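Written below as structure tokens is the structure these notes are about.
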Amino acid sequence: MNAPARNANSPGSPAAVTAGSVIQVEVLLFAAAAEAAERRQYRLELPAGSELATLADSLAAAVPALAKLINASRWAVDCEFVSDDYVLQSDMTIAMIPPVSGG
Amino acid sequence: MIELTDAAIDTSRVLAEVRDPACGAEVLFVGTTRQWTTSPRAASAMPPVDAPDLETSHLVYDAYHDMARAQMSKLELEARQRWPIRQVVMIHRLGTVAVSEASVAVAVSAPHRREAFEAASWLIDELKRQVPIWKQEHYVQRGATWIHPTAGQCQCPAPAESSTQVERP
């Protein structure tokens with residue numbers, strides 16, 4: 001059931017998957033997260049039906065420099081804060097929201 | 001009025017925007033870049049040690065623009081439900097902000113001063129909790145640090161060059 005998430009950012013990622021069994025997601029990154037990942041969007045492939053918690057774990061595995069900040073961060077889907085058990089689908093706009101410091 | 005801008009904040013304009021003939025009170029909060037910050041390492045050491053304050057050369061702000069505007073609009077809506085206020089302006093500056101310049105302005109007008117003060121105070125407190133904007137402190141002494149405050153235990157700042165600092169809120 002829990003197929004490992006794959007890093008769609010690495011060159012030469014294996015392409016053979018069953019259609020419908022995975023979703024492609026893109027995570028928006030900001031501030032120290034963007035700096036640690038050296039980019040402002042990060043693409044991941046996740047099993048269909050994955051929750052946000054799975055995305056968080058996958059991102060931490062793919063970019064170890066992000067792990068500590070991920071633990072402290074909230075998440076947003078389509079500009080709304082969501083909880084860790086939020087079920088993801090392709091075409092959602094997902095953002096990692098590290099502790100904010102505006103104002 | 002909700003705005004994210006790269007331009008300098010014109011506080012006179014902000015006050016003019018909230019002027020309303022039904023209002024006897026206008027409250028303006030302006031958040032400015034502090035030049036001096038007590039070193040977190042010194043302040044959180046046990047016992048606290050004397051150390052020179054950190055001098056900020058400038059701040060750089062990043063934002064998730066769409067969500068920041070959406071959150072600020074939600075805060076305005078909620079403030080309007082809680083208090084009988086008339087006009088609201090919330091402006092946050094993004095990009096580079098020099099010392100003593102304004103990073104944020106929140107202004108509220110209301111018939112009476114109590115609601116205006118309370119609403120303005122609530123709006124800036126909630127902006128600082130809920131709105132996806134982040135600042136990077138550029139210190140004269142030690143490079144740049146993104147500020148990602150977390151509650152709870154003492155966190156020591158990371159090494160000098162561009163780093164993530166977690167600090168007490």
Side-chain angles (χ1 to χ4, degrees), chain A residues 25-44 52-53 55-57 59-103, chain B residues 4 29-33 59-75 90-94 97 102-106 123-137 144-153 155 158 161-169:
Chain A
V25 296
E26 190 170 81
V27 182
L28 303 180
L29 301 173
F30 301 95
E35 195 170 272
E38 295 178 323
R39 65 189 80 202
R40 291 181 72 82
Q41 298 99 23
Y42 204 92
R43 278 202 205 100
L44 286 165
L52 248 179
L55 182 152
D57 290 344
L59 187 58
V63 189
L66 272 183
K68 185 175 173 186
L69 198 55
I70 286 171
N71 282 341
S73 294
R74 291 179 282 181
W75 296 86
V77 171
D78 298 336
C79 294
E80 302 269 355
F81 285 116
V82 297
S83 53
D84 278 3
D85 58 357
Y86 193 88
V87 175
L88 300 174
Q89 294 165 19
S90 289
D91 299 331
M92 284 180 170
T93 302
I94 303 165
M96 178 185 159
I97 310 290
V100 298
S101 53
Chain B
L4 300 175
F29 169 81
V30 180
T32 53
T33 300
L59 302 180
V60 172
Y61 284 95
D62 188 14
Y64 179 7
H65 288 61
D66 287 349
M67 188 175 174
R69 274 190 286 266
Q71 290 292 102
M72 286 160 79
S73 296
K74 273 195 202 170
L75 292 180
M90 298 172 73
I91 301 184
H92 205 298
R93 192 163 164 198
L94 302 178
V97 182
S103 331
V104 62
V106 171
L123 280 168
I124 183 62
D125 285 352
E126 289 301 300
L127 184 153
K128 290 172 76 69
R129 279 194 338 115
Q130 303 284 19
V131 175
I133 296 176
W134 300 271
K135 73 179 172 193
Q136 185 185 38
E137 291 252 12
T145 300
W146 283 105
I147 304 298
H148 293 298
T150 56
Q153 74 261 40
Q155 301 275 356
E161 288 314 304
S162 195
S163 58
T164 301
Q165 172 176 308
V166 282
E167 64 184 29
R168 279 192 230 268

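Here is the naming used below: chain letters follow the sequence lines, and residue numbers restart at 1 for every chain. All figures in this text were calculated on a predicted structure; none of them were measured in a lab.
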Worked verdict on A/E80 versus B/M67 for side chain to side chain contact (heavy atoms under 4.5 Å, CB included): CA-CA 7 Å; A/E80 302 269 355; B/M67 188 175 174; 5.9 Å; no
For B/P149 against A/S101, the heavy-atom pair lying closest together: CD-CB, 4.1 Å
Euclidean distance, A/N71 CG relative to B/T150 OG1, rounded to 0.5 Å: 11.0 Å
Side chain to side chain contact (heavy atoms under 4.5 Å, CB included) partners of A/A31, counting only residues at least two apart: B/D62, B/W134, B/W146, B/H148
Positions in residues 90-97 of chain A that reach chain B, provided some heavy atom is under 4.5 Å away: A/T93, A/A95, A/I97
Contact class of B/A105 relative to chain A, heavy atoms under 4.5 angstrom: neither
B/V131: side chain to side chain contact (heavy atoms under 4.5 Å, CB included) partners, not counting sequence neighbours: B/A68, B/Q71, B/M72, B/L75, B/L127, B/I133
Value rounded to 0.5 Å, distance of SG in A/C79 from NE2 in B/H65: 12.0 Å
side-chain hydrogen bond (donor to acceptor under 3.5 Å, both in side chains) involving A/Y86 - partner list, sequence neighbours excluded: none
Engaged part of B/R129 at the chain A interface, taking heavy atoms whose separation is under 4.5 Å: backbone
Side-chain donor/acceptor of B/S103 to backbone N/O of A/G103, under 3.5 Å: no
B/Y64 portion near chain A, given a 4.5 angstrom heavy-atom threshold: both
